[in-house]
Structures are given as C-alpha cells and as structure tokens.
Amino acid sequence: MTIRPMQEATFLILTALADGSQHGYGIIGEVSDISQGRVRLRAGTLYTALDRLRADGLIDVDREEIVDNRLRRYYRLTPEGGRRLAAEAARLQANARAALQRLNPALGVI
Amino acid sequence: MTDWPPTGESFPISDPASSSARLERAYRRLVACYPRSFRRENTEEIIAVLLATAREDQRRPSLAEAGDLLRGAARMRLGLTSCPRSVLHAVRLMYLGALAELIALVTLLLSVGRVRSATHAAALRAVGPHASHAVTQQLLARVASTVNVTLIVDVSVMSVAIAGWLVLAWANGKGSPLARVGAIVVCAFYAAVTIEGFSEGSTAYAPAALLAASVAVLAIGIAAVTLLLVKQSWPYYAAHATAL
C-alpha cells in the first residue's frame, strides 16, 4: 500500500496519542493545544476519525474508565500507528526544511 | 447569584438545569442517527464530549454541530469508516456512478424533444419528397413509436441502474461478498450494453453530453470494480463472508 499524505486532523489525533493514551475529550483538547487553537475537532469528526483509525489499525482502545457515571474510553497508538506518524512527521519536516532553506539560504539547516 | 427573585431583564426564561437537559436530549436525538453498534459503545462518551464542548449558555445544538454529527452518522452507516481504503474509494466511485447516471437520465429527459425532431427529420429525408402521403405518415408513425419505446426502455434501464449503483455502493461499504460479485456482473453488463448501443449507431441521435455521461459511468464502474478486486480489498470481504 502506498503511503499517502495524512489529513491534518488524522496527523493531529495521532500526535495527541503519541506520548500516552487519551480519551475523546482529552484528544480534542490536545489537538487544540498542538495546533495552537487553530484546529477544534468536533465530536462527529473525532469519532468517525477514531473509527477509521481503528479500522486501519493505527490506534486501539487502551482501557475504559467510569467517570461521573459515564464510560470513558482511552485510546492509544499501535506500533503501526507510531510508524506511520513518524514517517509522516519526517515527510512534513523535510518539506518544511526545504521551503525554509529556499526562502532563506542563510538560514541553513534548521 | 444569590438574590432571588431576580429583577427586571435578568429574569431567566428557563432554569439552567432544564436547558442543559434539553440540550442533552437534542444531542441524543442526533446521536440516535448513528448505527446501533456504534451507539452501544460510544453514545455516553460522545454525549459527554458534546456537553463538555458546548458553550455555557448553549440551549440547542448549533447548525455546524448537527451537520458534523449527521455527516459522521451517514459515513458510518454507509460503512465508509470501517472498510479498507481501496473499498472506500470504490464505494465513493459507485456513488459518483449513480450521480453520473442521474445526470445522464436528466439529460436524456431534457433532450427528448430534440431526439424526436431529429429522427422525424431523418425519416422524412429517408422517404424522399416523392413518396405518397400515406407511406410517409405510416413511416413517421413507426419511427415515432420506435423512439418512444427506446426512450421508455432507456429511462427504465437508467432508473434501475441508479438504484443498482446505490444499493451496490451501500452493500460493498458493508463488506458484502455478494455485493462485490454483483458489482462485477453489473459492470460487465453495462459495458456490453454501452458497446452494443454504440455499434447500433445510437451515437447518431443521442446528444454529446449523454454519450459523455454514459462513457463516464462505464469508466467509473470499471475503476470501482478494479478497486474492489485489488489485494487490500480481499480481507475485508473475507471477514464478512462468514456472516453471510
């Protein structure tokens, strides 16, 4: 399967899970933080994305907790999810570096 | 907020508890659109997220929230979130095929008058100016009835095709192995019909847009079937084969 560029929402959700498991609401907060408030995931978008990522084997359910009588499901990155996120991050970094170098050759390698 | 009764314009229309309960009920109605399997596992969680992200004074779901939830529900119901990418693209192509077919149908219906007058003129040319009135009238009537029959057949076939594409898209999204076989059969049949139509000379009267649409539908069908048959698609159908 060819690796296609990831959608930004997908990239941010995986990044939110990169340093530990999170529940749905936690992911929305993390994604907002990572994107400096630019990306505010809506609940429908988040849960369809989570469903999709689980089907693709990039994330999995880590554990479930009951908080205030409500079920809270924690998600974590799978090893495959980690690999895909790392590959995508490297791709974005290479692109960004090339752009910055061409804009300002004196900048050198960032 | 201890002074009671409140004075003047700050008098609340409804108390906060009941308005948040109303908001929750409205969210629940939207989440009810999701497939049962999803709701069983996720309803409480998604409701909690919705309530947590709602504005303090919010009394009903915003249009954007409702749209987002309904879009998610539609995608899940169509099976678009749980199938492999190849099947996902194939299913999208099939919906596109239904749309192209619909455009072809509308184009055909809009051009009925033009087709009638074109065949009428062609028939007149064929009999020539020296034929008797009775012969000319007889031929024109026969041509007109042939055109009518052809149109009725075409419209019926196209309507069935639209319904067929929609059903196949939906069932393939769900991973039905039968639907995959169905898609292959329908695509092969459609290719045969299209090629036969061209060899019969339907290109002479049909408008260019209609021909372009039918070729587009065929191309979409072939692409979709190809995607259904690539390696990544097989495990998805195999997993659903047992549930048949």
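Each chain gets a letter, A, B and so on, in the order its sequence line appears, and its residues count up from 1. The figures that follow rest on heavy atoms only: side chains count, while hydrogens, waters and symmetry mates do not.
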Find the distance between [atom1] ([X]) and [atom2] ([Y]) and round it off to the nearest 0.5 Å.
X	Y	atom1	atom2	answer
Y47(A)	E45(B)	OH	CD	3.5 Å
T45(A)	L69(B)	OG1	CG	8.5 Å
L50(A)	F38(B)	CG	CZ	8.5 Å
D51(A)	M76(B)	CG	CE	4.0 Å
L41(A)	T53(B)	CG	OG1	10.5 Å

Pick from [options] with the largest number of heavy-atom pairs that fall under 4.5 Å of chain A:
options	answer
A52(B), P84(B), G67(B), A48(B)	A52(B)
I47(B), V31(B), I46(B)	I46(B)
V49(B), L70(B), D68(B), N42(B)	D68(B)

Can a donor-acceptor pair be found, under 3.5 Å and without considering hydrogens, that links the side chain of R73(A) to the backbone of E41(B)?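 It does hold such a pair.
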Winner by heavy-atom pair count (cut-off under 4.5 Å) against chain B, out of A55(A), G24(A), G44(A):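 If we count pairs closer than 4.5 Å to chain B, G44(A) comes out on top.
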Under 6.0 Å from the [atom1] atom of [X], do we count more than 12 heavy atoms belonging to anything else shown?
X	atom1	value
Y25(A)	OH	no
Q36(A)	CD	no
R63(A)	CZ	yes
L103(A)	CG	yes

Could you please spell out the steps behind the side-chain contact (heavy atoms from CB on, under 4.5 Å) verdict for R85(B) and R52(A)? CA-CA 10 Å; R85(B) 295 269 168 198; R52(A) 166 96 251 154; 3.8 Å; yes
Does any backbone or side-chain atom of [X] lie under 4.5 Å from a heavy atom of chain A? Answer side chain, backbone, both or neither.
X	answer
Y34(B)	side chain
L30(B)	neither
A64(B)	both
L88(B)	side chain

Chain B contact via [X] - which portion, at a heavy-atom distance below 4.5 Å:
X	answer
R40(A)	neither
I28(A)	side chain
D56(A)	side chain

